[in-house]
Structures are given as C-alpha cells and as structure tokens.
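Notes for the one structure printed next.
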Protein chains: 2
Amino acid sequence: MSGVRRLEVTYLIRAAPADIESRAQALAIEQSVEMPLSAITEPAVIDTIVGRVEAIVPADAGRFAVTIGLAEATVGADAGQLLSMLFGNSSLHDDVELLDVALPAATAAAFGGPHHGIAGLRARLGVHGRALTATALKPQGLPAAALAGLARHFAEGGIDLIKDDHGIADQPAAPFAERVPRIAAAVRDAGARTGHTPLYVPNLSGDLDRMRTQVACARAAGVRAVMVAPMVAGFANVHTLIAENPDLLVVTHPALGGASRIAPPLLFGRLFRLIGADAVVYPNYGGRFGYTTVTCRALADAARAPWHGLAASLPVPAGGMTRERVPELLDFYGADVMLLIGGALLEARETLAAATADFVAAVHGHDYMG
Amino acid sequence: MSGVRRLEVTYLIRAAPADIESRAQALAIEQSVEMPLSAITEPAVIDTIVGRVEAIVPADAGRFAVTIGLAEATVGADAGQLLSMLFGNSSLHDDVELLDVALPAATAAAFGGPHHGIAGLRARLGVHGRALTATALKPQGLPAAALAGLARHFAEGGIDLIKDDHGIADQPAAPFAERVPRIAAAVRDAGARTGHTPLYVPNLSGDLDRMRTQVACARAAGVRAVMVAPMVAGFANVHTLIAENPDLLVVTHPALGGASRIAPPLLFGRLFRLIGADAVVYPNYGGRFGYTTVTCRALADAARAPWHGLAASLPVPAGGMTRERVPELLDFYGADVMLLIGGALLEARETLAAATADFVAAVHGHDYMG
C-alpha cells in the first residue's frame with residue numbers, strides 16, 4: 001500500500017534458488033505479524049503492517065540479499081523495538097544475517113543520532129586537521145589511585161582521550177564514585193602542567209538508574225564524556241540517557257555486539273550512530289579480532305558518511321593496535337579517526353609517558369594529504 | 001590463588017591442537033584484564049583478577065571445551081557486567097562459543113533467580129499435575145478492541161495464559177495504556193462466565209522508566225504478570241525491574257537472543273533464570289526454528305533442575321507449535337511445561353474459542369504418567 005512509510009531492511013539468506021521466494025516471504029512474516037496470513041482478519045493489517053518482500057538479489061555463494069519493507073509505525077522512536085523489529089526473532093534463525101537498513105527520514109529524525117559527533121568532539125578537544133589519539137586505563141582490579149597514576153602518565157604523554165577499560169565497572173577495587181573524581185583530577189593536574197588536558201571518558205555500567213547516578217557523579221567531577229556498551233545496557237536505555245544529557249560526549253563500546261550475525265558496519269556504524277554515539281569503538285583489522293579491511297572500511301564509512309543529516313560518529317579502531325601501525329592506519333582511515341592504543345602502551349611500564357608521547361607524535365606528525 | 005571465588009566459564013573454541021593452549025590463555029586475558037600480562041605491575045591483579053585457564057578438553061570436531069575461571073569480584077551482582085565478563089569482547093571472535101557457566105553459590109544468591117518460578121506460577125493459576133497452556137495475541141497493528149476480542153475467545157476456550165505477541169509494544173494502533181486494561185477486562189469477564197480466568201501477560205518495551213510506567217499501568221488494571229525480552233531491554237534493567245516487583249510473574253522472550261553463539265540452554269535456561277524469569281519462552285524443535293531435541297532438552301533441564309536453590313523457571317516451548325503435536329510434546333517435556341500455540345489457533349478465526357478448547361482438552365487429558 002503506498003503512503004505507508006517503511007524501513008527497508010536487507011538480510012543475507014542462505015537458501016536454494018527454488019526456495020528463496022518462500023523463505024523471503026516467511027522472513028517478512030516472522031519480522032512483522034508472526035502468524036499465518038490466512039488468520040489475519042483485518043485487510044488494513046495485511047496492507048500496512050505485514051512485512052513486504054521488496055527485492056531478492058543473488059549475493060555471495062549460496063546466499064541471497066533479501067530486502068523486506070517493515071512499517072515505520074511498528075517501530076516509532078523506541079530503540080529497543082527497532083532492534084526487535086530488525087532482528088528479534090530472526091536472530092534465532094541460523095540461515096539469516098542482518099545486513100543493512102534504509103530508514104525513512106522521519107525515523108532518522110525521531111532517533112536523532114549523535115549530539116556532537118566528529119565536529120563536536122574536535123571542538124571539545126580543540127583538535128583539527130589530524131587524527132585523534134586515545135588509550136585505555138586497565139587492568140580491572142587496580143585501585144583507583146593506581147588508575148589515576150596511569151592516567152597522569154598518559155596525560156603527560158599528550159594523548160587526546162583516556163577511557164576506562166570496558167571491564168572496569170563499579171567493582172570494590174575501584175568504585176565509580178571514588179575512581180572518576182581521582183582520575184579526572186589527575187588528568188586535570190597533568191593538563192595544567194602540559195597545557196593540554198585530555199578528555200577522560202569513564203565507563204558506565206548497570207541499569208538506567210545506576211548509569212544516571214554515574215553520570216551525575218562524573219558531572220560533579222567535571223567530566224562530560226562517558227562510554228557505554230549499548231548491547232549490554234539495552235538500546236532504549238542508552239538512547240534515553242543520551243537524550244537526557246545533550247551536552248555529554250558519548251563513546252560506545254562493542255561488548256556483546258559480535259558473533260550475532262548483525263553486520264558490523266550496520267550495528268556499530270549505523271545503529272550505534274542512530275541512537276547517538278559520538279564515537280564508536282570497534283575491533284580493527286590486523287589486531288586481536290578477525291575483522292577485514294573491507295569490514296572496517298564499510299564500518300568507518302557508515303559512521304562518517306552523510307546520513308539523513310545526522311552528525312557523523314568518529315570511528316575508533318582498537319583491539320591490539322600498536323605504535324608501529326600508526327602510519328598505515330592513518331593512511332587507511334584519514335584524519336577523521338581516533339586511534340586507540342591501550343595494552344601496547346602499558347607495556348612501557350615506567351616509561352609510559354614517553355611511549356605515549358611517541359604515539360602522539362606519530363599521529364600529530366602524519367602527512368594527512370599523502 | 002586459593003580463596004578467590006571464581007565463575008567457571010566454559011567456551012567451545014575452534015583451534016588446532018598445537019594452538020589451543022595459547023588460544024585458551026588469550027581468551028582468559030581477553031575476558032578479564034585485556035592487556036599483556038607483562039604490563040601488569042601489581043602481583044595481586046595477576047593472582048586474583050586475571051582469568052585462569054582451568055581445563056582444556058577435546059570436544060566436537062576441531063573444537064575444545066575450555067574452562068576459564070573469572071574472579072567473582074569483577075562481576076558482583078550487576079547483570080550487565082555479568083554478560084560483559086562472560087562474553088563481552090569474545091563475542092567478537094568468530095572461533096568462540098559461550099557454552100556454560102558454573103557460579104559460586106554467593107553469585108547465584110546475589111542475583112536471586114525467579115521470585116515465583118514453576119511453583120509460584122502453578123499456585124497463581126491453581127493448576128497442578130498437568131502441563132500449562134498458553135497462546136499469544138497478534139498480529140501487531142490490530143486495535144486494542146480487536147485484541148481484547150481475541151483474548152475473550154481464548155479465555156472462553158479455557159486457556160491458562162494469554163500473552164501479547166513480542167512485536168506488540170506501545171504502538172499507536174494499540175497503546176499499552178489502552179490495550180492492557182481492555183484485554184484484562186475482557187479476560188476477567190470471560191473468566192467470570194466460565195469459572196476459569198486466564199493469566200494475561202502484557203509485553204513490556206522501552207527503557208527502564210517506560211517499563212516501570214507500563215508495570216504501574218498493568219497493576220492498575222489488575223495485572224500482575226509481564227513479558228520482557230532481556231537481550232533487548234538489557235540484563236541489568238530486567239534484573240532491577242524484577243527486584244522492584246517481587247509479586248510480578250515474569251515471562252521472558254528470546255528476541256535478539258539467537259545467532260550470537262551463546263548456547264541456548266545457557267542463555268535461556270540458566271542466565272534468564274538467574275536474573276529472575278519465572279517462565280522462559282524459546283523456539284521449540286520441529287517448529288519454525290532450527291533447535292534440536294537435544295538443545296531443547298538441555299534448555300528445559302537448565303531451567304528446571306536444582307541450581308543453587310534458585311526457583312525453577314517454567315519452560316515455554318513455542319514458535320510454530322500445533323494442536324496435533326500436544327501429546328508428543330508432553331511426552332517429551334512432562335507436566336512442568338507450558339505449551340504456547342499462537343498462530344495455529346488464530347487460523348481457526350471464527351471458531352477460535354472451540355479450537356482453543358480443543359488444545360486445552362488435549363493438555364488436560366494427557367496421561368502424564370505414561
């Protein structure tokens with residue numbers, strides 16, 4: 001029925017050519033009304049709510065790209081419901097991968113995307129024309145004072161952004177309420193000496209209430225940036241938290257977001273951006289994870305390319321990166337990227353500040369026109 | 001280090017025999033400190049926080065079952081952090097499947113499990129010695145009055161439990177605040193006539209605040225049972241909601257819980273039980289989903305078997321079930337099960353109440369000793 005706004009969702013389905021039409025139709029039903037069409041008594045539901053097979057195109061070996069139109073009215077602006085409609089039941093089917101979604105402009109506007117994005121991050125940090133540098137405080141289990149000590153060295157090395165490791169939650173070893181003010185103060189003190197204060201990004205955890213309490217605690221310590229893992233915290237809760245705190249810079253972590261047959265460029269590049277991630281951390285190619293250059297390129301493109309007027313999210317490739325790879329990574333990603341090196345810097349131990357400074361110099365000195 | 005309480009987490013890893021030891025060690029680090037051990041300066045962190053490879057056992061073709069001990073102190077009683085520690089980063093590795101976890105008794109007690117479980121569900125419904133019957137209101141897009149009409153027919157047919165389809169959230173076609181009181185009233189009216197009032201279970205959606213508002217709305221309509229999808233809503237939020245509402249019966253939906261290489265018996269049987277699901281809906285074998293009888297048996301066992309003194313969760317196999325399969329399913333599962341038939345009942349259309357009654361009679365009349 002024309003006049004119905006639809007999300008155009010593309011799945012990769014493994015099927016024999018003779019079966020793909022019926023399989024596609026079954027998927028369209030599974031992701032909408034979940035019942036036999038013969039049992040639907042209202043014509044309006046069949047016309048406007050039942051998923052509609054829009055296209056079936058041969059893809060890679062043995063698979064088809066199937067595009068299903070899903071009524072915008074079934075999603076609204078509920079980020080959890082968006083995930084349910086895109087992949088709720090079909091995540092339980094072994095032969096389906098969620099590949100991509102094209103949104104009606106009204107849906108993109110209703111969710112809103114990042115409040116700051118790349119431009120806002122750069123403005124907050126005062127960094128333009130080069131890539132950004134980042135690192136992580138770890139390991140979990142360190143007391144707050146020790147983490148603050150590491151942060152001070154990183155800051156002395158001139159890094160742009162220091163985040164908590166995602167495994168650092170609110171454990172007794174370094175409770176949020178103790179850790180965040182200490183680290184923020186250490187970073188500020190170092191910044192006062194060097195003239196460059198890094199952005200400290202604490203990791204949120206727990207339910208929505210707890211995350212709100214943590215945000216308030218961070219604010220009280222002068223911190224206006226946070227990290228959160230949307231697949232753990234729940235899409236709707238992250239979306240709400242971002243809406244309530246428009247001045248917060250938000251970095252997402254990919255925890256629990258893998259191995260679920262949602263294409264990484266869609267999940268981390270597009271969906272995390274849609275609910276408001278200013279910067280998205282993800283596993284880079286050639287590190288500890290198996291993502292390819294093609295995946296990483298597509299992910300970065302999805303995060304940065306124009307999309308319904310939403311602010312761009314800053315790609316943050318991570319996961320086993322090293323100082324030696326800086327030139328290669330900057331040639332690959334260009335200047336709109338934040339390089340995150342954690343463990344490889346921490347290996348420097350007592351020369352941490354110098355190792356950080358060396359990393360920072362490589363990023364600052366790169367030829368971005370090359 | 002002895003004296004440290006650990007979660008014993010088992011993963012299936014694809015690796016060559018020559019590589020499995022180093023791969024297992026890498027996994028233990030990835031799921032704990034996420035950094036080179038050489039960079040850890042505190043012996044206490046190495047002794048108590050770094051993941052410990054406890055066992056490596058050959059499993060199915062080309063895979064090994066690797067058990068990692070993770071410090072309880074890194075999890076506490078935060079359900080989101082539990083998921084992060086179990087599978088946060090490793091979900092991003094293609095060669096790993098999360099298979100199972102053994103908890104310290106203190107962890108099980110801290111989470112608490114179901115408030116009601118099978119015994120509480122039976123007591124609320126007044127049903128003992130036979131399996132329970134359930135169905136779903138759908139399709140999404142129907143107005144509240146039409147959904148209430150379906151509920152009335154189901155109730156007249158004598159069904160035990162009527163739940164919203166998980167695709168029915170808070171859409172304009174049938175807003176929660178309008179739908180739930182209408183359906184609850186229809187069910188109550190029918191129950192007054194037949195002498196048997198089914199349990200109505202509305203579906204929650206949105207962030208934690210919205211779910212709380214929906215719970216309050218349901219309570220005002222006399223409803224004290226809800227359905228929620230923990231992988232969409234976020235584990236910590238569901239756990240909190242359950243803690244705040246100890247009198248609510250909670251049914252979980254598996255949406256978004258598939259295809260993520262977390263073994264279904266663990267995710268739906270154990271982890272959903274741990275955070276408090278009284279009843280767990282999952283895709284049954286031989287329906288629209290590919291789960292095997294072995295998976296379903298293991299899942300039902302995980303939900304029902306004694307486990308740290310936590311109440312048992314009621315298995316609710318679903319997803320393309322039919323009236324004809326009732327005897328087979330009851331022979332397979334026994335009496336502590338709730339059979340959920342949705343679409344196949346709705347196909348009866350104007351004879352919905354009679355079809356429901358036929359389903360109900362098959363469950364009531366089954367020989368559970370057979």
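Letters A, B, ... mirror the listed sequences (proteins, then strands); counts begin at 1. Keep in mind that the numbers below use all heavy atoms, side chains included, and drop hydrogens, waters and symmetry copies.
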Chain B shares the most heavy-atom pairs under 4.5 Å, among A/Gly206, A/Ala26, A/Ala73, with A/Gly206

Counting heavy-atom pairs under 4.5 Å to chain B, which of A/Val50, A/Thr41, A/Asp165, A/Leu86 comes out on top? A/Asp165

N/O donor-acceptor pair under 3.5 Å between B/Asn237 side chain and A/Leu208 backbone: yes

A/Val45 portion near chain B, given a 4.5 angstrom heavy-atom threshold: side chain

If you compare all heavy atoms of B/Glu42 against all heavy atoms of A/Leu142, which two are closest, and at what distance to 0.1 Å? OE1-CD2, 3.0 Å

Heavy-atom closest pair (A/Gln140 atom, B/Ile49 atom, distance to 0.1 Å) is O-CG2, 3.3 Å

Out of [options], which one racks up the most heavy-atom pairs below 4.5 Å with chain A?
options                     : value
B/Pro139, B/Gly141, B/Gly80 : B/Pro139
B/Ala233, B/Gly76, B/Ala71  : B/Ala233
B/Ile40, B/Thr74, B/Thr240  : B/Thr74

Got A/Asp209 and B/Arg212 here, is their nearest side-chain heavy-atom distance under 4.5 Å? yes

Does A/His166 reach the side chain of B/Ser84, with side-chain heavy atoms less than 4.5 Å apart? yes

Check against side-chain contact (heavy atoms from CB on, under 4.5 Å), A/Gln81 and B/Val232: CA-CA 8 Å; A/Gln81 180 67 4; B/Val232 175; over 6 Å; no

Rounded to the nearest 0.5 Å, what's the gap from CG on A/Asp207 to CE on B/Met211? Could you check? 9.0 Å

Should we say atom CZ of A/Arg323 is surrounded by more than 12 heavy atoms from elsewhere, each under 6.0 Å from it? yes

Using a heavy-atom cutoff of under 4.5 Å, enumerate the residues of residues 167-174 of chain B that contact chain A, numbered in order, or state 'none'. B/Gly167, B/Ala169, B/Gln171, B/Pro172

